[in-house]
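Below: the structure, in structure tokens.
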Amino acid sequence: MIKAKIIVDLGFGDSGKGITTDYFCKINKNSIVVRFSGGQQAGHNVKIGDISHIHSNYGSGTLRGYPSYFTEHCTIYPVTMFREYVILKNKGIDPKIWFHPLTMVTTPYDVAYNKVREKRLNHGSCGLGVGSTVDRNLNSGYKLYVIDISYPKIFNAKLNQIAKYYRSKLREDEFSDFDKYVSEESQYLNYSLSQLVFNTKSYDYLLSYENIIFEGSQGILLDMNHGIFPNVTYSNTTSKNALDVCNILNIENIQMYYITRCYQTRHGDGWMSNEGDITLINTQEEINEFNEWQKDFRVGEIDYDLLNYSYKVDSIY
């Protein structure tokens, strides 16, 4: 019987989804790691022996040789995927990955618009175009999917239209920054596309594995329907998408894993209940730090009301 494990973060993210995924890969052979929300903004750190890696564009079973699968609820960005591919190859890892044909593709224009918008709104975005990509695919006619990559004429025609789409949305004082960001990103796109293979598989492909490990993104308190607005992500960070896939495949043996640190964390702007100065220990390998887009990594005492809220929200699904 095929078994599914769904890993969901009860907070604002940064709670250890990567190391949890890696643990289940370690004790469950014949597994595949499925990303069911978010995209290239993930930062899931795994360390095995002397080798460590921050998984963004690949599932957190990659260091152990387990394949990844991205569902249609995810975004991918070929530029950052290729960069991570090179890093993994230099560590002696040959990553294996498959995509649902309708996995959403981020373009340099999505990234540029995300950065321009972030400078104006200070939303707390990571500046990698995830929200822009999802919004474009769900709320406009300008859709771009992984299946399009295999047909360059189609892909390039759509890419040109996406460029026009975003330029029509800009304010006059944003064109300069937008063009600068597009130029920075576009120079790597074609080469990245030429170096990677984008194999597509339907969900039925997952049935060839005994264990399906669903690796969540961010946390329930950032969910677009249940997080504390306006600083939420454009994604279902509950178990909803993973359970939808299980229902499609008629998988009934499902185990849920809700994770948290023993203190509260948040990266970027937005409401936080117990933020304050607390003394942390054993944080020598903390990878979260200040960055240009999300700003500070914030901490505070754990809030059990928030954990219970997240659990109750997820029980809806």
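- The environment of OH in Tyr151 is sparse: at most 12 heavy-atom neighbours from other residues, nucleotides or ligands sit within 6.0 Å.
- Heavy atoms only, all atoms of each residue included: Leu128 and Asn114 are closest at N-OD1, 3.3 Å.
- No hydrogens or angles considered: nothing links the side chains of Gln40 and Glu84 as a donor-acceptor pair under 3.5 Å.
- The OG1 atom of Thr107 sits 12.5 Å away from atom NZ of Lys158, with the distance rounded to the nearest 0.5 Å.
- Outside the 6.0 Å centre-distance limit, the rings of His267 and Phe12 are not counted as a close aromatic pair.
- A distance-only check finds no donor-acceptor pair linking the side chain of Asn308 to the backbone of Asp305 [under 3.5 Å].
- Tyr142 and Tyr165 have their aromatic ring centers within a separation under 6.0 angstrom.
- A salt bridge between Lys26 and Asp22 is absent, with no side-chain N of the basic residue lying under 4.0 Å from a carboxylate O of the acidic one.
- In this structure, the side chain of Asp223 engages the main chain of Thr237 through a donor-acceptor pair within 3.5 Å.
- Under the 3.5 Å distance criterion, with hydrogens and angles disregarded, no donor-acceptor pair is assigned to the side chains of Tyr317 and Asp244.
- If you check the side chains of Ser37 and Asn241, you find no donor sitting under 3.5 Å from an acceptor.
- Ring-centre distance between Tyr191 and Phe82: below the 6.0 Å cut-off.
- With contacts defined as side-chain heavy-atom distances shorter than 4.5 Å, the pair Tyr113/Tyr181 does not qualify.
- Between Tyr311 and Tyr258, the ring center distance clears the sub-6.0 Å criterion.
- One finds no salt bridge joining Asp14 and Arg298 here, because no Lys/Arg side-chain nitrogen approaches an Asp/Glu carboxylate oxygen to under 4.0 Å.
- The backbone N or O of Gly39 lies less than 3.5 Å from a partner atom in the side chain of Arg35, making a donor-acceptor pair.
- The shortest side-chain heavy-atom distance between Leu222 and Arg266 falls under the 4.5 Å cut-off.
- Partners of Tyr85 under the ring pair (Phe, Tyr, Trp, His ring centres under 6.0 Å) rule, at least two apart in sequence or in another chain, do not exist in this structure.
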